[in-house]
A.B. asks: 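Below: one structure in structure tokens.
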Amino acid sequence: MPIVLFWLLVWEAVAAIIGSDLVIVSPRVTFARLLELAQTAVFWQSIGTTLGRILRGFLFALIAGTVLAALAARFKTFLKLILPAVNTMNAVPIASFTILALIAFNPSDLAIFVSFVTVLPIIFYNTHKGIESTDPQLLEMAQIFRVPARKVIFRIYFKTVAPYVAAAATSGIGFAWKSGIAAELIGQVSGTIGMNLHAARIWLNTADVFAWTVAIVLLSYGMERTFRIILRVKV
């Protein structure tokens, strides 16, 4: 809490030094505007729409990235085939993916698709690294004693790989929000957080830009904390 207070004071000081609400607004103005927005139906509808789409894109990436990493670790030929595609996903800018998605998909699916292709490489790389780091002696022992495949997966692989997947997923949540919101803004998808940010920019409403940005940070943090709690229970 003292750290948060420190940065709020820094923010307040910067706003006072600049002295222009068109460039930067103070924390007081930002949170006052956020409370005003929170009393409108549009605010919660936009949050619900964006949250649902980003969550779907993230979960699809989590599942696909884990499965692809498992196949790549099992079959080296598959790794050689899939790695260029994953590297390309990791290198291509969000704007390029968004434009391609606008051509190929319905605008309402933009956040799902872009957050998916942004998060998938993170999940893939970490999961594959986790599988490759599994103790070979444990695997050899399991083979000698003919331990069933299901137990090998859950007793050996799962315990080794889970921390890697957890780390990738928690960092991937932030990337999912950044890319998903950017896609909505570029695509001007109606009824979303990205569209509200676009409107605030058009009307030079800096207070709204800061208020929506704070809402995005809180949502991303809340989603990350929830995921960490789930992992703590499951792992």
Side-chain angles (χ1 to χ4, degrees), residues 11 15 18 20-27 29-62 64-65 85 88-123 171-224 226-227:
W11 178 3
I18 293 176
S20 172
D21 285 346
L22 190 62
V23 178
I24 182 172
V25 295
S26 68
V29 173
T30 299
F31 286 103
R33 182 55 182 154
L34 182 59
L35 288 174
E36 290 177 7
L37 290 171
Q39 296 174 36
T40 66
V42 172
F43 177 81
W44 295 107
Q45 288 168 359
S46 299
I47 284 179
T49 300
T50 298
L51 175 62
R53 290 170 182 171
I54 288 176
L55 184 59
R56 272 183 284 172
F58 170 78
L59 291 176
F60 290 157
L62 181 62
T88 300
M89 285 185 187
N90 194 43
V92 173
I94 293 171
S96 298
F97 274 128
T98 302
I99 293 169
L100 290 171
L102 276 170
I103 297 171
F105 301 107
N106 190 301
S108 62
D109 297 327
L110 272 179
I112 300 173
F113 174 76
V114 175
S115 58
F116 170 80
V117 296
T118 304
V119 175
L120 188 142
I122 301 172
I123 303 295
S171 62
I173 287 171
F175 282 97
W177 276 96
K178 290 176 184 177
S179 59
I181 298 294
E184 290 178 345
L185 195 152
I186 295 170
Q188 299 180 31
V189 185
S190 61
T192 63
I193 294 176
M195 187 60 186
N196 281 284
L197 279 172
H198 177 73
R201 181 184 69 86
I202 292 296
W203 294 103
L204 299 178
N205 193 337
T206 309
D208 274 26
V209 172
F210 273 78
W212 280 108
T213 302
V214 169
I216 293 166
V217 171
L218 293 175
L219 286 166
S220 179
Y221 177 76
M223 187 171 160
E224 181 183 331
T226 302
F227 194 77

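The figures that follow rest on heavy atoms only: side chains count, while hydrogens, waters and symmetry mates do not.
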A.B. asks: Quick check: closest heavy atoms across A176 and S115, and the distance to 0.1 Å?
C.D. replies: O-CB, 3.8 Å
A.B. asks: To the nearest 0.5 Å, tell me how far I186 CD1 sits from I181 CD1.
C.D. replies: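 Reported to 0.5 Å precision, the distance equals 11.5 Å.
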A.B. asks: Show me the pairs that pass ring pair (Phe, Tyr, Trp, His ring centres under 6.0 Å) and involve residues 29-58, at least two apart or across chains.
C.D. replies: F43-W212, F58-F227
A.B. asks: Hey, what do you get for CD1 (I122) to CG (N90), rounding to the nearest 0.5 Å?
C.D. replies: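 Those atoms lie 7.5 Å apart.
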A.B. asks: Can you list every pair that meets salt bridge (Lys or Arg N to Asp or Glu O under 4.0 Å) and has a residue in residues 188-211, with sequence neighbours left out?
C.D. replies: R33-D208
A.B. asks: Just verifying a value: how many Å separate D109 CG and L102 CG, rounded to the nearest 0.5 Å?
C.D. replies: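 Answer for the CG-CG pair, D109 versus L102, is 11.0 Å.
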A.B. asks: Test of understanding: with side-chain contact (heavy atoms from CB on, under 4.5 Å), list the residues that count as partners of V25, not counting sequence neighbours.
C.D. replies: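 By the side-chain contact (heavy atoms from CB on, under 4.5 Å) rule, V25 matches D21, V29, T30, T206, A207, F210.
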A.B. asks: As a quick check of understanding, evaluate side-chain contact (heavy atoms from CB on, under 4.5 Å) for T213 and L197, giving each step before the final call.
C.D. replies: CA-CA 8 Å; T213 302; L197 279 172; 4.2 Å; yes
A.B. asks: Output side-chain donor-acceptor pairs under 3.5 Å for residues 214-222, partner residues at least two apart or in another chain, one line each.
C.D. replies:
none

A.B. asks: Just to verify, what does S46 make a side-chain hydrogen bond (donor to acceptor under 3.5 Å, both in side chains) with, not counting sequence neighbours?
C.D. replies: N196
A.B. asks: Using ring-ring contact (aromatic ring centres under 6.0 Å, His included) as the criterion, list what pairs up with F105, not counting sequence neighbours.
C.D. replies: F113
A.B. asks: Which is it for L62 and V119 under the side-chain contact (heavy atoms from CB on, under 4.5 Å) test, yes or no, and what are the steps along the way?
C.D. replies: CA-CA 8 Å; L62 181 62; V119 175; over 6 Å; no
A.B. asks: Tell me the side-chain hydrogen bond (donor to acceptor under 3.5 Å, both in side chains) pairs involving residues 47-58, sequence neighbours left out?
C.D. replies: T50-E184
A.B. asks: Compare every heavy atom of L120 with every heavy atom of A64, then report the nearest pair and how far apart it is.
C.D. replies: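 Result for this residue pair: CB-CD1, 3.8 Å.
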A.B. asks: For residues T40 and L37, report the shortest heavy-atom separation together with the two atoms involved.
C.D. replies: OG1-O, 2.6 Å
A.B. asks: Could you note down all residue pairs passing ring pair (Phe, Tyr, Trp, His ring centres under 6.0 Å) where residues 172-199 supplies at least one of them, sequence neighbours left out?
C.D. replies: none
A.B. asks: Between V189 and S108, what is the shortest heavy-atom contact and its length?
C.D. replies: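 That closest heavy-atom pairing would be CG1-CA, 4.2 Å.
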A.B. asks: Only counting residues at least two apart or in another chain, list the ones meeting side-chain contact (heavy atoms from CB on, under 4.5 Å) with I18.
C.D. replies: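 Listed in chain order: V14, S20, V23, I24.
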A.B. asks: Under a 4.5 Å cut-off applied to non-hydrogen side-chain atoms, are I54 and I173 in contact?
C.D. replies: no
A.B. asks: Going by the rule side-chain contact (heavy atoms from CB on, under 4.5 Å), which residues pair with L204 if we only count those two or more places apart in sequence or in a different chain?
C.D. replies: L22
A.B. asks: Taking side-chain contact (heavy atoms from CB on, under 4.5 Å) as the test, write out the residues that go with A32, two or more places apart.
C.D. replies: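 None.
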A.B. asks: Could you work out, with side-chain hydrogen bond (donor to acceptor under 3.5 Å, both in side chains) as the rule, every residue matching S190, not counting sequence neighbours?
C.D. replies: none
A.B. asks: Kindly compute the distance separating CD1 (I94) from CD1 (I99), expressed to the nearest 0.5 Å.
C.D. replies: 12.0 Å
